[in-house]
> 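Please see the structure below; I have some questions.
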Amino acid sequence: MIARVESWIGRSAESFRACGAELALIRVAFGVCVILFGRNLSWVDDVPAQAFHAPAGPFSLVLDGPPGPTALTVLHVVQVLLAGMVILGVFTRFSSIALTLVLVTASAITYSYAKVDHFILFEIAPVFLAYAGWGSRFSIDARRRGREGPTSGFAVLLFALVVGWGMLSASVPKALGGWLDPDRLATKAYVARDLARADKEGPLGRWMLENIGNDGLWKLLDYATLAAEGMLVLWVLVPIVYRIWVCLLLGFHVGVYLSMGINFAEYLLVYAVFLIPVASAAIRRGRRGEQVAARGTISRRSGDPSTVS
Amino acid sequence: MKFVDLLRRYRRTAVVVLVGGLLALQSVYSFAVHPEPYPTIRMPAFGAAGAASGEFELRTAKVAVEDRDGRSESIRVQQVMSGFPFSVSAPTFAYLFGPDAPEPDPATVAWLTKRLEEVTDMSDLRAMRVCWQDQTIRIDDASVVSAAPCTWRQVSL
């Protein structure tokens with residue numbers, strides 16, 4: 001029985017494996033994203049210290065007040081340096097793990113102002129992708145080695161498990177909070193709440209509330225949310241379904257952005273490792289198909305029937 | 001077969017079980033501790049669904065700034081808190097100036113005074129008054145069905 005599970009995990013891991021070039025693309029994109037859009041904590045120095053209270057956890061033991069401007073500047077510089085090292089693929093495993101630690105620390109400082117946000121999957125992605133081999137190709141490390149390094153599908157499978165679990169953690173409280181009840185609308189309620197508060201609206205929030213009068217459609221959105229988030233973890237050992245589910249999740253994120261204005265751009269890089277191998281395989285198949293068709297066309301024109309496929 | 005040999009032979013299964021177990025344990029911790037701890041592997045749950053009656057409860061804050069000449073101007077929470085990242089601005093406003101928040105310290109009052117002067121173009125400010133109000137809205141059109149009396153919070157500037 002365990003042997004069968006081990007074999008199943010092995011096959012799933014192999015299916016999740018991405019090639020060095022695909023991982024390198026994600027590595028560079030991730031590093032660029034951190035440099036261009038990473039947290040800048042300079043605002044901490046301009047707001048009242050009384051507002052600062054570190055969230056429960058390891059940071060509450062070390063942060064008894066907001067860090068000073070020097071510490072914040074050092075943190076930002078280190079973040080940019082590590083992102084640069086990740087882009088170039090220099091000591092990739094070390095720089096990736098260190099980048100995760102810096103991203104988590106920067107978030108901990110931000111979340112010390114009354115609310116914990118949820119970008120942890122983006123912040124821990126470098127650790128998993130480093131072990132997946134995102135430094136194996138098109139990197140200074142590979143150049144120093146003189147050869148391409150190995151890639152690991154098992155690291156991607158573990159990341160898939162963590163991402164799926166994270167999504168499940170969003171779905172279960174919803175299910176317990178009445179989102180399953182056919183008589184209680186959740187998505188519509190939160191769109192209405194945002195409009196009532198007039199803080200932040202999605203580009204289509206008002207239009208949706210004014211034009212989607214069918215509560216059945218709104219309830220479908222609630223169930224789609226529960227399914228997209230809650231079932232992803234079930235498909236960790238069925239990579240093809242997992243990838244389809246990730247596409248559903250992307251649709252969910254687009255819907256949440258359009259209805260409530262909640263940005264999800266970082267999640268494109270979280271999901272990239274699951275989707276880019278499929279996209280690049282499709283592109284390669286398409287190119288092979290074109291080459292075969294082209295050879296067939298040339299053969300027909302030359303009148304050689306033996307090469308027509 | 002020895003346990004170590006078993007682990008070596010079925011190491012991927014062992015790692016998956018271990019990671020799954022750790023994820024479960026940290027979730028127990030994450031949901032047991034309030035407010036939410038960090039870092040944990042957790043995604044936003046929003047909150048409870050609306051009521052079956054088609055209504056939803058929320059709390060709003062209406063901010064008014066008064067100067068010593070008796071003039072008053074209404075502003076939004078986001079205008080006061082624009083120096084914070086958007087996602088933490090409203091929760092921080094509630095933390096500092098909510099109905100049950102402790103008295104703001106002198107540094108916070110100085111920051112608030114400067115901020116309100118920038119936002120309102122008023123000077124010689126006397127106080128910021130916040131009406132914290134529990135409202136019930138109709139989710140069909142976001143209209144207010146009922147509103148409880150204000151719980152007032154005043155900060156002298």
Side-chain angles (χ1 to χ4, degrees), chain A residues 2-3 5-6 9-10 13 43 46-51 53 55-57 59 104 107-108 110-111 113-118 120-121 123-124 154 157-158 161-162 165-167 169-170 172-174 177-179 181 183-186 188-190 192-193 195-200 209-210 222 229, chain B residues 6 9-13 15-16 19-20 23-24 27 30-31 33-52 54 56 58 60 76-78 83-92 94-96 104-105 107-108 111-112 135 137-144:
Chain A
I2 297 182
V5 173
E6 182 75 13
I9 291 173
W43 56 271
D46 299 326
V47 300
Q50 187 179 7
H53 54 292
F59 291 98
V104 168
S107 286
T110 304
Y111 305 159
Y113 293 90
K115 179 177 179 273
V116 174
D117 268 333
H118 303 93
I120 188 75
L121 297 177
E123 289 151 7
I124 63 174
F154 187 55
L157 184 149
L158 290 178
L161 176 60
V162 170
W165 189 271
M167 293 302 169
S169 74
V172 169
K174 290 184 174 86
W179 286 57
D181 187 334
D183 295 325
R184 296 174 64 183
L185 300 178
K188 191 178 184 182
Y190 285 99
R193 178 203 65 177
L195 294 179
R197 276 191 184 157
D199 285 342
K200 157 184 71 69
L209 203 64
E210 289 171 353
D222 291 349
E229 290 179 336
Chain B
L6 263 177
R9 191 165 172 182
Y10 304 118
R11 61 184 178 281
R12 285 178 166 174
T13 304
V15 169
V16 168
V19 169
L23 286 169
S27 285
S30 179
F31 285 98
V33 172
H34 296 282
E36 182 179 343
Y38 182 82
T40 60
I41 306 299
R42 190 162 152 182
M43 292 295 283
F46 280 76
F56 191 73
L58 63 147
T60 61
R76 291 180 298 110
V77 168
Q78 288 307 327
F84 290 82
F86 178 82
S87 64
V88 302
S89 56
T92 301
Y95 179 79
L96 286 174
D105 61 26
T108 302
W111 169 85
L112 181 65
Q135 293 181 348
I137 61 169
R138 189 175 289 115
I139 65 175
D140 278 342
D141 56 10
S143 60
V144 178

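The basis for the numbers below is simple: all heavy atoms, side chains too, and nothing from hydrogens, waters or symmetry mates. By convention in this document, chain letters (A, B, ...) are assigned in the order of the sequence lines, proteins followed by strands, and residues within each chain are numbered from 1.
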> Out of B:G47, B:P104, B:G83, return the one with the most heavy atom pairs under 4.5 angstrom to chain A.
B:G47
> With only heavy atoms counted, which part of B:D105 is less than 4.5 Å from chain A, the side chain, the backbone, both or neither?
both
> For the CD1 atom of A:I2 and the CZ atom of B:R12, what is their distance to the nearest 0.5 Å?
16.0 Å
> Taking every heavy-atom pair that is under 4.5 Å apart, which of A:A13, A:P173, A:A51 has the most such pairs with chain B?
A:A51
> So for A:A3, is it side chain, backbone, both, or neither that comes closer than 4.5 Å to the heavy atoms of chain B?
both
> Do A:L121 and B:M43 make a side-chain contact, defined as non-hydrogen atoms from C-beta onward lying under 4.5 Å apart?
yes
> State whether the side chain of A:R184 and the backbone N or O of B:A52 hold a donor-acceptor pair below 3.5 Å, judged by distance alone.
no
> Specify the closest pair of heavy atoms between B:P44 and A:A170, including all atoms of both residues, with the distance to one decimal.
O-CB, 3.2 Å
> Looking at A:G57, A:G177, A:A56, which makes the most heavy-atom pairs under 4.5 Å with chain B?
A:A56
> For A:D46, is it the side chain, the backbone, both, or neither that has a heavy atom closer than 4.5 Å to a heavy atom of chain B?
backbone
> For B:Q78, which atoms come within 4.5 Å of any heavy atom of chain A: side chain, backbone, both, or neither?
side chain
> Mind checking the CZ-CZ spacing from A:R197 to B:R76? Nearest 0.5 Å is all I need.
14.0 Å
> At a heavy-atom distance under 4.5 Å, which candidate from A:D117, A:V172, A:V47 has the highest pair count against chain B?
A:V47
> Atom OG1 of B:T108 and atom CD of A:Q50: how far apart are they, to the nearest 0.5 Å?
4.0 Å
> About how many Å separate CD1 of B:I139 and CG of A:L185, when rounded to the nearest 0.5 Å?
4.5 Å
> In terms of heavy-atom pairs under 4.5 Å with chain A, which of B:P35, B:G54, B:A45, B:S30 leads?
B:A45
> Would you mind telling me which of B:V16, B:V144, B:D140 has the largest number of heavy-atom pairs within less than 4.5 Å of chain A?
B:D140
> Report the option among B:L112, B:T60, B:L96 that has the most heavy-atom pairs separated by less than 4.5 Å from atoms of chain A.
B:L96
> Which one, A:V5, A:L158, A:V104, leads in non-hydrogen pairs under 4.5 Å with chain B?
A:V104
> To the nearest 0.5 angstrom, please state how far the OH atom of B:Y38 sits from the NZ atom of A:K115.
12.5 Å
> Roughly how far, to the nearest 0.5 Å, is the OH atom of A:Y113 from the OH atom of B:Y95?
10.5 Å
> Considering only heavy atoms, which portion of A:E123 lies under 4.5 Å from any heavy atom of chain B: side chain, backbone, both, or neither?
side chain
> Contact part of A:I120 toward chain B, heavy-atom cut-off under 4.5 Å: side chain, backbone, both or neither?
side chain
> Under the ring-ring contact (aromatic ring centres under 6.0 Å, His included) rule, collect the residues that match up with A:F154, sequence neighbours excluded.
none
> Please flag which part of B:L23 lies under 4.5 Å from any non-hydrogen atom of chain A: side chain, backbone, both or neither.
both
> Report which part of B:T40 has an atom under 4.5 Å of a heavy atom belonging to chain A: side chain, backbone, both, or neither.
backbone
> Using atom types as modelled and distance alone, determine if a side-chain donor or acceptor of A:W165 lies under 3.5 Å from a backbone N or O of B:R42.
no
> Among B:A94, B:A51, B:P37, which residue forms the greatest number of heavy-atom pairs with chain A at distances under 4.5 Å?
B:P37
> Report the option among A:W179, A:Y190, A:Y111 that has the most heavy-atom pairs separated by less than 4.5 Å from atoms of chain B.
A:Y190
> Using every non-hydrogen atom in the two residues, find where B:F31 and A:S169 come nearest and quote the distance to one decimal.
CZ-O, 3.5 Å
> Chain B: which of A:L157, A:L195, A:T110, A:D183 shares the most heavy-atom pairs with it under 4.5 Å?
A:D183
> Who passes ring-ring contact (aromatic ring centres under 6.0 Å, His included) against A:F59, sequence neighbours left out?
none
> Quick check: do A:I124 and B:I41 have side-chain heavy atoms less than 4.5 Å from each other?
yes
